[in-house]
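Written below as structure tokens is the structure these notes are about.
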Amino acid sequence: MIAPHLLRNDLAAVCANLQRRGYSLDTATISALEKRRKEVQSECEKLRAQRNEKSRTIGIAKQNKEDASAMIAEVETINTRLTSADSDLEKIQSEFNALLLEIPNLLHDSVPDGKDESSNVEARRWSEPPQFDFTAQDHVALGEQLQLIDFPLAVKLTSARFVAMHGQIAQLHRALGQFMLNLHISQHGYREVYLPFMANTATLTGTGQLPKFEEDLFYAERDGLYLIPTAEVVVTNIVRDSIVAAEELPLKFVCHTPCFRREAGSYGRDTRGMLRQHQFEKVELVHISAPEDSYTALEELTANAEAVLQALKLPYRTVALCSGDIGFAAAKTYDIEVWLPGQDAYREISSCSNCEDFQARRMQGRMRRSGAKPEYLHTLNGSGIAVGRALIAVMENYQQADGSIVIPEVLRPYMNGAEAIRA
RNA sequence: GGAGAGAUGGCAGAGUGGUCGAAUGCGACGGACUUGAAAUCCGUUAAGGGCUUUACGGCUCUUCAAGGGUUCGAAUCCCUUUCUCUCCGCCA
């Protein structure tokens with residue numbers, strides 16, 4: 001949520017910033033609404049102040065056993081006017097609020113301009129795509145030959161866009177998650193958390209999935225709960241409705257969860273394989289930081305995610321997303337793209353964002369420096385990294401001519417020492 | 001799922017219709033005393049919004065789990081919901 005005072009006092013600047021995203025703000029509606037708000041709210045408060053004052057006088061009169069009926073009649077008149085003014089104000093405020101919740105975050109100055117992903121700016125590149133002296137296969141072909149990835153089974157049990165894995169691929173998948181978690185805990189100073197995989201409306205509103213992106217979520221109607229689309233939702237909401245002491249910052253959390261996404265509107269995209277699934281696992285990194293530290297934190301968080309790929313020796317590049325490609329809640333985002341030989345392309349495997357105070361404002365997440373007023377926190381999140389996609393990357397980058405897959409060294413301890421997966 | 005008890009400030013805990021945003025204690029902060037500290041004493045100490053001010057600030061509204069109701073007036077009375085605890089049932 002953008003700071004309401006910016007919308008009141010600096011509408012033109014807000015509008016210009018959002019324009020960079022290709023988002024046009026309805027300034028006429030907003031300023032008209034704001035003008036009425038000011039009038040009606042003043043009226044309400046004036047009436048209420050009068051009523052409070054009169055009621056107090058009535059109380060005193062009654063204690064002195066005096067007749068207060070004239071004053072009581074007066075307050076009744078005030079109340080009639082107040083009721084109507086109040087309902088006007090409520091309408092205006094809920095309209096304003098609904099508008100506010102649907103406006104994306106302001107962009108950081110360093111975000112490059114551009115309409116779509118073609119304008120993203122490469123920040124760095126690590127290692128080189130492997131050269132094969134045979135034709136590289138994708139993970140679907142590799143998994144089928146090994147008989148360890150089973151899409152028909154997932155369809156039978158559930159539906160399309162789900163996957164079933166057997167044996168050593170299932171184990172490799174688990175190994176990846178365990179490895180990432182341990183790396184972040186032991187090397188990068190994160191605290192592991194285990195949280196619910198379902199979340200309520202307030203939680204999803206806090207991070208910005210609701211109200212605008214409800215169609216992307218799985219919803220359990222009987223219980224009013226949503227399956228989380230990312231651990232970011234539950235982890236970031238740890239600080240919802242709380243005031244964190246400045247000395248405790250930054251908070252750095254790592255959390256391994258399944259993620260559930262309906263993928264509405266992406267029907268034609270990435271239908272082959274397990275690149276885009278309704279259910280996938282992810283190790284998520286979250287920083288809760290003081291405002292002045294959040295951009296340093298973004299670099300750190302991104303580097304922590306990159307460290308996973310470096311340890312796995314998977315080639316990647318890091319790009320700064322341009323204004324048109326950046327997500328709703330983020331002020332700045334780096335995507336990390338891993339090399340996939342099966343697609344002969346770099347594909348997103350992590351997205352690291354600084355949301356500044358956008359989410360903190362929605363969820364009333366604040367910090368306090370000693371003696372000072374509470375201030376909004378800055379929240380950051382990033383995949384560290386997507387486990388399902390990491391599995392694809394390992395399979396495709398470590399494939400051999402005979403269709404076997406060498407297990408990256410750092411994962412072998414999690415694989416009972418096995419060095420390769422063969423049919 | 002059944003029965004009962006609860007939800008008040010950073011924490012503990014009083015408050016059952018009127019000057020209550022709320023006693024008291026703890027904690028925190030400032031000051032006095034002290035070489036320093038402890039102890040003691042004095043003082044300050046909830047959040048959010050609006051209007052106003054160059055600024056210090058001033059005025060005002062809201063908030064005692066949430067929503068609704070009764071009333072001139074609600075932390076206090078009534079209804080609904082949520083959550084917590086205890087007992088029973090079921091369950092990994």
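Treat the numbers as computed from the prediction; the structure is a model and nothing was measured. Naming convention: chains lettered A, B, ... in sequence-line order (proteins, then strands); numbering from 1 in each chain.
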Rounding to the closest angstrom, what is the interatomic distance between [N] and [M] at atom [atom1]?
{"N": "rA75(B)", "M": "rA23(B)", "atom1": "C1'", "result": "14 Å"}
{"N": "rA66(B)", "M": "rA7(B)", "atom1": "C1'", "result": "11 Å"}
{"N": "rA28(B)", "M": "rA12(B)", "atom1": "C1'", "result": "15 Å"}
{"N": "rG4(B)", "M": "rG9(B)", "atom1": "P", "result": "27 Å"}
{"N": "rC64(B)", "M": "rG15(B)", "atom1": "C1'", "result": "11 Å"}
{"N": "rG27(B)", "M": "rG69(B)", "atom1": "C1'", "result": "39 Å"}
{"N": "rU76(B)", "M": "rU8(B)", "atom1": "C1'", "result": "11 Å"}
{"N": "rU63(B)", "M": "rG68(B)", "atom1": "P", "result": "11 Å"}

task = Would you mind listing every ring-ring contact (aromatic ring centres under 6.0 Å, His included) that reaches into residues 348-385 of chain A, with sequence neighbours excluded?
result = Phe328(A)-Phe358(A)
Please report the distance, rounded to the nearest Å, between [atom1] in [X] and [atom2] in [N].
{"X": "Asp223(A)", "N": "rG1(B)", "atom1": "CG", "atom2": "P", "answer": "10 Å"}
{"X": "Glu34(A)", "N": "rG50(B)", "atom1": "CD", "atom2": "C1'", "answer": "10 Å"}
{"X": "Asn200(A)", "N": "rU81(B)", "atom1": "CG", "atom2": "P", "answer": "18 Å"}
{"X": "Arg368(A)", "N": "rG27(B)", "atom1": "CZ", "atom2": "C1'", "answer": "13 Å"}
{"X": "Asn79(A)", "N": "rG69(B)", "atom1": "CG", "atom2": "C1'", "answer": "14 Å"}
{"X": "Lys54(A)", "N": "rU71(B)", "atom1": "NZ", "atom2": "P", "answer": "20 Å"}
{"X": "Gln63(A)", "N": "rG17(B)", "atom1": "CD", "atom2": "P", "answer": "13 Å"}
{"X": "Leu7(A)", "N": "rG49(B)", "atom1": "CG", "atom2": "P", "answer": "15 Å"}

key: Given RNA chain B, 5'-ward residue of the pair Ile60(A) and Ile72(A), judged by closest heavy atom   = Ile60(A)
task = Let me know, please, whether Lys38(A) or Met71(A) comes out on the 5' side of the other along RNA chain B by nearest nucleotide.
result = Lys38(A)
My understanding is that a pair needs two contacts under 3.5 Å, Watson-Crick or G-U wobble. By that rule, which nucleotide pairs with [N]?
{"N": "rG27(B)", "result": "rU45(B)"}
{"N": "rG9(B)", "result": "none"}
{"N": "rG4(B)", "result": "rC85(B)"}
{"N": "rC91(B)", "result": "none"}
{"N": "rA37(B)", "result": "none"}
{"N": "rG18(B)", "result": "rC72(B)"}

inquiry  = Let's see if you can work this out: which of rC72(B), rG48(B), rG50(B) has an atom nearest to the side-chain heavy atoms of Arg8(A)?
reply    = rG50(B)
task = Counting heavy atoms from C-beta on, name the nucleotide in rG18(B), rC72(B), rA47(B) closest to the side chain of Val75(A).
result = rC72(B)
key: Check: Asn237(A) and Thr207(A) side chains under 4.5 Å, non-hydrogen atoms   = yes
Phosphate OP1/OP2 of rA47(B) contacted by Lys373(A) side-chain N/O (<4.0 Å) = yes
For nucleotides 60-68 of chain B, print each protein N/O atom paired with a nucleotide N/O atom at under 3.5 Å, atom names and distance only.
{"unit_1": "rC61(B)", "atom_1": "OP1", "unit_2": "Asn52(A)", "atom_2": "ND2", "d": "3.3"}

key: Identified side chain to side chain contact (heavy atoms under 4.5 Å, CB included) counterpart of Met180(A) within the set Ile185(A), Ile385(A), Leu285(A), Val254(A)   = Ile385(A)
request  = May I ask you to say whether Arg369(A) pairs ionically with Glu292(A), meaning some side-chain N is under 4.0 Å from a carboxylate O?
outcome  = yes
Basic-acidic side-chain contact under 4.0 Å: Glu263(A), Arg269(A) = no
key: Pair Asn97(A)-Ser94(A), side-chain donor/acceptor within less than 3.5 Å   = no
message = Regarding Asn120(A) and Asp325(A), do their side chains bring together a donor and an acceptor under 3.5 Å, going by distance alone?
response = yes
key: Arg389(A) side chain vs Lys282(A) backbone, donor-acceptor pair below 3.5 Å   = no
query = Short question: side chain of Asn64(A), backbone of Glu66(A) - any donor-acceptor pair under 3.5 Å?
reply = no
